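In what follows, chains are A, B, ... by sequence order, proteins preceding strands, each numbered from 1. None of these values were measured; they are calculated from a predicted model. Hydrogens, waters and symmetry mates are skipped; everything else that's a heavy atom, side chains included, is used.
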Amino acid sequence: MDPQYQPQRIEREAQAHWDATGAFRAVEDPSRPKYYCLSMFPYPSGKLHMGHVRNYTIGDVLTRYYRMRGCNVLQPMGWDAFGLPAENAAIANSQPPAKWTYENIAYMKRQLQSLGFALDWDRELATCDPKYYRWNQWLFLRMLEKGIVYKKTGVVNWDPVDQTVLANEQVIDGRGWRTGALVEKREIPMYYMRITDYAEELLAALDTLPGWPERVKLMQANWIGKSYGVNFAFPYELDGERREMRVFTTRADTIMGVTFCAVAAEHPLAEAAAKRDPKVAAFVAECKRGSVMEADLATIEKAGVPTGIFVTHPLTGERIEVWVGNYVLMGYGEGAVMAVPAHDERDFAFAKKYGLPIKPVIDVGGKPFSTDAWQAWYADYGVCVNSGKYDGLDYAEATDAIAADLHQLGKGDKQVQWRLRDWGISRQRYWGTPIPIVHCDACGDVPVPDADLPVVLPEDCVPDGSGNPLAKRADFVNCKCPRCGKPARRETDTMDTFVDSSWYYSRYCCADNARSMVDERVAHWMPVDQYIGGIEHAILHLLYSRFWTKVMRDLGLMAADEPFTNLLTQGMVLNEIFYRKSANGRITYYNPADVEVRTDDAGKRAGAILKADGQPVESDGIGTMSKSKNNGVDPQALIEQYGADTARFFIIFTSPPEQSLEWSDAGVEGSHRFLKRLWTFCHAYRDAIAGTVPRVMKGEHLPAGWERTHPRLAAARREVHEVLGQVNYDMNRFQFNTVASGAMKILNALAARTSVSDDSVALAAWQWVLAEGTGILLRVLAPITPHVAHALWREIGYGADILHAPWPEPDPHALEQDEITLVVQVNGKRRGEIRVPKDADATAIEQLVLANEAVRRYTEGKAIKKVVVVPGRLVNVVV
RNA sequence: GCCCGGAUGGCGAAACUGGUAGACGCAAGGGACUUAAAAUCCCUAGCCCGCAAGGGCGUGCAGGUUCAAAUCCUGCUCCGGGCACCA
C-alpha cells in the first residue's frame with residue numbers, strides 16, 4: 001500500500017477496473033428493484049463548468065447510494081446538442097455548428113469520464129443525430145394527425161438590418177445584439193402544440209407528485225394559472241355593423257365600476273380605429289416596436305390612447321370608451337380588458353394618468369377610499385356598493401348574480417381561464433430538427449411521409465448571422481411534393497430545442513432501436529425514479545416533458561402518466577459577470593478568470609480591469625454560470641491539481657444541493673486535506689486491523705460488557721453510529737453536505753478517541769472498533785469519493801469491490817447510554833447542564849434541577865412560576 | 001411588473017417537528033517538529049466589556065405570538081431563479 005495519497009493513480013486504476021468489468025452497464029433485471037437516476041443532459045457548450053460538476057456529482061451520489069442499497073440502477077448520459085450557441089460559435093469562427101458541437105461533445109465526454117461518474121455510456125445519445133431527431137419528426141406527424149399540432153401566426157423579434165428573427169436573449173435594451181438596430185415585432189406563421197388541451201391534467205396531476213419540491217409544483221400551478229371568472233361581451237357599432245368586444249374578468253363583482261376598457265394593439269378594434277385615426281395608428285405602430293418579452297411589457301410605462309370607439313355596458317347601458325393600452329396582452333384572455341380603476345392598481349394608475357373617472361363599488365370593511373393615491377386594500381374582496389341591485393352582496397354572491405344576469409341577456413357566462421398558452425415550436429434557425437413539412441402550390445402544406453424520414457439537416461452550413469441559412473440551401477429547399485409529385489419547397493423552420501429535451505429520458509431506455517421511437521424497455525425503466533437538474537428548469541422544460549409524456553401515453557407509446565417520480569432541483573452555481581459595451585451597443589462578456597478586481601487603500605472595491613489590456617470592465621452583478629455570460633469556471637484545473645475525488649467532495653461539502661452557490665474555491669484545500677488524512681490513517685492502521693476486518697464483515701461481535709471496561713472505545717463507537725444514523729437521515733433528504741461532514745466526524749472520532757493500552761482485551765476491542773468504523777466510513781464515502789473508497793476497501797481487505805458492499809446501518813446497541821445531559825435554562829437563558837439517568841421522569845428531573853446549585857443562584861428569593869421539561873433535551877425554569 | 005426562493009461569525013455552512021445558535025470545514029492567530037521552508041500535529045477563536053470569575057448583545061431590518069423563535073405570524077430591504085425564442 002502506497003504511504004502517500006496519489007489521486008491520479010488511484011483514480012486511473014479505479015476507472016480502469018469499472019471499465020473492464022462493465023460495472024455501470026445497466027441490464028433490465030426483473031428480479032431487483034429498478035432505479036432510474038437521471039441528471040439533466042448538458043448542452044455541449046465547450047467545457048464542463050461547475051454547475052455541471054455539481055449536477056452530475058449529485059446524480060452520481062444517488063446512483064451509487066441506491067446501488068449499495070440493492071437497486072438495479074440506470075444512469076445514462078447524452079447531449080442536448082441543438083441550439084443557438086452553436087450558431088453563434090459558427091458566426092464567430094466560420095465553422096459549421098456540427099463540427100463545433102461534435103468536438104465539444106468529445107472533449108466534455110472525456111471530462112465526465114475523468115470525474116468517474118457511474119454512467120452507462122452504451123446508451124449515449126445526441127439530439128443532433130438524425131437517429132434521434134427523426135423521432136421528433138415522427139411524433140410531430142402523429143401529433144399533426146391528432147390535431148395536437150396546428151398552424152397559426154405568432155409574434156417574433158425581427159432585426160431589420162440582419163433580416164433575421166432574434167431570440168429574446170439576443171435583444172438587449174430593445175436592440176439587436178449584433179446590429180444595434182431597433183427590434184420590431186413581426187407576425188409569422190408557426191406550428192403550435194396544444195399543451196392547453198392538457199392544462200387541467202397538468203395542474204391536477206401535480207398532486208400525484210409527492211416527490212417533487214413544493215416550490216416547483218407551486219411555480220407550475222401558477223404558470224398554468226387556472227382562474228375562475230366571467231367572460232362577457234360589450235356590444236358596439238362600427239361602420240354601421242353590430243359587433244362585440246369580449247373580455248374576461250375574475251372580478252365580475254366590480255363590473256358596475258367599469259369606467260373604460262382597454263385593448264391590445266393587435267386587437268381588431270385597435271386596428272379598425274387605427275385606420276380612422278392617425279394618432280391611434282401611430283400609437284399602435286409604437287406598440288409594435290421593442291421586444292416580445294413579457295418582462296419588458298410588464299415594466300414599461302403604462303400608456304394608451306383613446307380609440308374614439310364606444311362600447312355599451314351590458315348591464316347599465318352606459319357608453320364606455322375603449323382605449324388602446326400598451327399593457328394589454330393579446331396572448332392572454334381576449335386581448336381586451338374591462339377597467340375598474342377603483343379596484344385594480346394598473347387601471348387606477350392609467351385612469352390617474354389620463355384623467356379618467358374612478359368609481360368605487362366595493363366596500364372593504366369600511367376602510368376609507370380616496371382617488372388621491374392607491375392603497376393595497378382597494379383590491380380586496382368586500383361588499384358591493386354603488387351597484388344598484390347588487391348592493392350588499394359579497395364577492396361570491398355578486399359574481400353569481402352578475403353572471404346569471406349576463407347569461408339571461410345572452411351576453412356572457414362563467415368561464416375557466418388559463419394563463420398557459422399553446423407551445424409555439426417553429427424556429428427560424430438552422431441548427432435544429434427540420435420540421436417535416438413540404439409546401440406545395442397545388443396541395444398546400446403536406447406532411448413528409450414516414451418512409452421519407454428523417455428529413456436530414458445538412459451539416460456543412462456556416463451561418464453568418466443574417467437571414468435563415470436553410471432557406472439559402474437550394475439542395476435542401478427544393479423537393480417534390482409527396483402528394484402530387486410536382487416541384488415544391490421544404491419547410492425551412494426547425495423545432496424549438498425544448499422538443500428534443502422533452503422525451504430524451506425515454507429514448508435512453510432503448511437508444512439502440514433503429515425501427516421505433518421507443519419499445520418495451522421503456523415500460524421497464526420509466527418513469528425516471530430520480531431526476532436531478534437546475535431550478536431554472538422548474539417551469540418550461542419540466543412542464544413540456546410532462547406534456548410530452550402524456551401525449552406519448554395517449555398515443556399508446558408509454559404507460560407512464562408522469563415522467564419524473566422524484567425531482568431534486570439543484571441550486572445554481574453563480575459567478576460574477578463582467579462586460580464591456582461598445583459604441584453601437586454591442587456587449588462583450590469577459591470571464592472572471594481574465595478580470596482583476598481592484599480595491600482602494602481602505603480595502604473597498606474600486607472597479608475591475610481586464611488583465612489582458614488593463615482597461616476597465618463593468619460588473620453586471622452575479623448570475624448563473626453560462627456560456628452566454630462567459631462566467632463559467634472550468635473544473636479541469638481543479639481535477640488536475642487535486643483529483644476527481646477532491647473536486648467531487650468539495651462541491652458536495654460546500655453547500656446543500658438545493659441552495660444556490662456563489663463559486664469560490666477557498667476550501668478546496670480542506671477537502672483535499674481530509675482525503676489525505678483518510679489515506680494516511682488507513683495506511684497507518686491497515687496491518688493492525690487487517691485480521692479483524694473479515695470477522696467484523698461476518699457480523700461477529702465483541703464479548704458482552706466490553707463497553708464498561710473500555711468506555712473511551714465505547715464512546716468512539718457510539719459517536720460513529722450516531723453520525724451514521726444522521727448520515728442515513730441526511731442521505732434520504734438529499735442533504736449531502738452534512739453527509740460529507742459526517743464522514744469527517746467519523747474519521748475524527750476514530751483518530752482522536754481511540755488509544756490502546758497494553759492489555760490484550762483492549763487491543764482486540766480497539767482493533768474491532770477501528771475495523772468496524774473504517775468500514776462504515778469507506779461506505780459512507782463511496783458515493784461521494786468513489787475512487788479512494790474503492791482503493792482503500794481493497795487495500796484493507798474489506799472485499800473485492802465496494803460497489804457491491806451493502807450500505808451500513810447503525811447498531812442500536814451502540815447508541816445506548818445510562819445517563820444523558822440536559823440543558824438547564826432559567827427564564828429561557830442557558831444557565832448550566834445536568835446529568836440525569838436516561839429514564840428519569842419529569843418530576844425527578846424537576847427536583848434535580850431545582851436542587852442544582854447553578855439554578856439556585858438565579859432562582860434565590862424568586863417565586864417559581866413554572867418548570868418546562870422537554871424530554872431528552874432541556875429544562876426551563878420560569879421565575 | 002408578476003410568480004418562486006434565499007439572507008446565520010472574517011468565509012462556506014450546521015441546528016430533523018419551536019427547545020444548548022455557530023457542528024463540520026476554510027481563512028486567521030499562537031505553539032510543536034525543522035538549520036529553514038513545505039507538509040503534518042496541538043491549542044485559541046461569534047461580537048462587546050472584563051486580568052479573571054462573570055456579564056451583556058447576537059441568525060438581513062421593524063414589530064408580534066410563546067416558558068422558549070434562525071425556525072411561526074405581519075410589514076419591509078437586499079440578493080438569486082423564471083416570465084413562454086439561452087438551455
Side-chain angles (χ1 to χ4, degrees), chain A residues 40 42-43 45 80 82-85 88 154 156-157 165-171 213-216 218-223 225 292-300 302 327 331 345-346 419-429 496-498 501 534-541 543-544 569 571-572 574 621-624 626-629 650 653-656 658-662 664 666-671 673-674 676-677 680 726 729-730 733 735 737-738 740-745 748 821-825 827-830 833 865-868 870 872-878:
Chain A
M40 290 180 186
Y43 179 79
S45 56
D80 188 13
F82 273 138
L84 197 55
N88 296 339
V156 294
N157 302 305
V165 175
L166 296 178
N168 284 339
E169 190 188 55
Q170 297 171 311
V171 180
E214 285 304 321
R215 60 166 163 164
V216 174
L218 194 55
M219 279 191 265
Q220 292 220 347
N222 289 340
W223 183 264
V292 300
M293 276 180 274
E294 194 192 312
D296 288 345
L297 290 170
T299 48
I300 48 168
K302 310 282 172 287
Y327 64 97
E345 189 169 4
R346 276 186 320 184
R419 207 189 75 96
L420 184 68
R421 307 200 295 261
D422 277 339
W423 173 16
I425 60 142
S426 295
R427 297 291 179 271
Q428 299 68 46
R429 265 182 257 302
D496 181 1
T497 55
F498 274 125
S501 56
I535 184 66
E536 77 275 23
H537 294 294
I539 296 172
L540 293 179
H541 162 62
L543 193 64
Y544 292 145
T569 45
M572 302 282 77
L574 311 174
I622 53 171
T624 169
S626 73
K627 180 88 183 167
S628 61
K629 297 287 168 72
F650 175 66
F653 176 69
T654 198
S655 193
E658 305 211 75
Q659 192 162 306
S660 59
L661 165 64
E662 213 171 314
S664 158
V668 173
E669 284 288 348
S671 296
R673 201 174 294 152
F674 166 67
K676 276 196 288 191
R677 266 183 74 210
T680 314
Q726 187 65 49
Y729 181 82
D730 289 342
R733 63 170 177 157
Q735 193 170 288
N737 56 322
T738 47
S741 298
M744 287 172 152
K745 286 176 184 176
N748 288 347
T821 305
L822 293 182
V823 164
V824 179
Q825 296 181 327
N827 281 350
K829 285 205 192 301
R830 191 197 155 133
E833 46 187 52
K865 280 199 213 154
K866 195 178 184 180
V867 179
V868 182
V870 183
R873 290 215 173 251
L874 59 65
V875 181
N876 189 13
V877 181
V878 187

- Item | Where the chi angle of B:rG9 falls, syn if within 90° of 0 and anti if not | syn
- Task: For A:H537, answer base if it contacts any base atom (sugar-phosphate contacts may also be present), sugar-phosphate if it contacts only those atoms, and nothing otherwise; contact means non-hydrogen atoms under 4.0 Å.
- Result: base
- Query: For A:L540, which contact category applies under a 4.0 Å heavy-atom criterion: base, sugar-phosphate, or nothing?
  - Reply: base
- Task: Considering only atom P, compute the distance from B:rA69 to B:rC57 and round it to an integer number of Å.
- Result: 13 Å
Report each atom pair, protein N/O against N/O of nucleotides 40-42 of chain B, whose distance is under 3.5 angstrom.
none

- Message: Can you identify which nucleotide, out of B:rC4, B:rC86, B:rG12, has its nearest atom closest to the A:N222 side chain?
- Response: B:rC4
- Task: For A:G571, answer base if it contacts any base atom (sugar-phosphate contacts may also be present), sugar-phosphate if it contacts only those atoms, and nothing otherwise; contact means non-hydrogen atoms under 4.0 Å.
- Result: nothing
- Message: Using atom P in both nucleotides, what's the gap between B:rC72 and B:rG18 to the nearest angstrom?
- Response: 8 Å
- Message: Once you apply a heavy-atom cut-off of 4.0 Å, does A:N737 come out as touching a base, just sugar-phosphate, or nothing?
- Response: sugar-phosphate
- Query: What's the closest nucleotide to the A:D80 side chain, out of B:rA87, B:rG5, B:rC86?
  - Reply: B:rA87
- Message: Can you tell me if A:S741 touches the phosphate of B:rA14, counting only side-chain N or O atoms and a distance under 4.0 Å to OP1 or OP2?
- Response: no
- Note on the structure: Which of B:rA84, B:rG81, B:rA13 is nearest the side chain of A:M219? It is B:rG81
- State which of B:rA87, B:rG25, B:rA14 makes the closest approach to the side chain of A:T738. B:rA14
- Message: Does A:V877 reach a base, just sugar-phosphate, or nothing at all? Heavy atoms under 4.0 Å.
- Response: nothing
- A:S426 near the nucleic acid: base, sugar-phosphate alone, or nothing, with a heavy-atom cut-off under 4.0 Å? base
- Identify whether any heavy atom of A:P42 sits under 4.0 Å from a base atom; if not, whether one sits that close to sugar-phosphate; answer base, sugar-phosphate or nothing. nothing
- Query: What is the nucleic acid contact for A:Y327, judged by heavy atoms within less than 4.0 Å: base, sugar-phosphate only, or nothing?
  - Reply: nothing
- Task: Tell me which nucleotide among B:rG81, B:rA87, B:rA84 gets nearest to the side chain of A:R419.
- Result: B:rA84
- Task: Quick one: label A:R427 by what it contacts on the DNA or RNA (base, sugar-phosphate, nothing), any heavy atom closer than 4.0 Å.
- Result: base
Short N/O separations, protein against nucleotides 17-20 of chain B, under 3.5 angstrom:
from	atom 1	to	atom 2	distance (Å)
B:rU20	O2	A:R830	NH1	2.1

- Query: Side chain of A:K745: nearest nucleotide among B:rG1, B:rA23, B:rC16?
  - Reply: B:rA23
- Note on the structure: With the side chain defined as heavy atoms from C-beta on, A:E169 is closest, among B:rA87, B:rC4, B:rC86, to B:rC86
Which protein N or O atoms sit under 3.5 Å from an N or O of nucleotides 54-57 of chain B?
from	atom 1	to	atom 2	distance (Å)
B:rG55	OP1	A:Y858	OH	2.3

- Name the nucleic acid region contacted by A:W423, choosing base, sugar-phosphate or nothing; use a 4.0 angstrom heavy-atom cut-off, strictly under. nothing
- Item | Closest listed nucleotide, where the reference is the side chain of A:I622 and the choices are B:rA84, B:rA14, B:rC79 | B:rC79
- Task: Taking only the side-chain heavy atoms of A:L574 (C-beta and beyond), determine which of B:rA14, B:rG1, B:rG80 contains the nearest atom.
- Result: B:rG80
- 5' precedence on RNA chain B between A:V216 and A:R733 (nearest-nucleotide basis): A:V216
- Message: What's A:L822 touching, base or sugar-phosphate or nothing? Going by heavy atoms closer than 4.0 Å.
- Response: nothing
- Message: Heavy atoms only, 4.0 Å cut-off, all strands: where does A:A295 land among base, sugar-phosphate and nothing?
- Response: base
- Query: Checking all strands, does A:V156 fall into the base, sugar-phosphate, or nothing category for heavy-atom contacts under 4.0 angstrom?
  - Reply: base
- Among B:rA23, B:rG81, B:rG12, the nucleotide that comes nearest once only the side chain of A:E536 is considered: B:rG81
- Message: Does A:S628 reach a base, just sugar-phosphate, or nothing at all? Heavy atoms under 4.0 Å.
- Response: nothing
- Task: Kindly say if A:Q659 contacts the phosphate of B:rA7, meaning a side-chain N or O under 4.0 Å from OP1 or OP2.
- Result: no
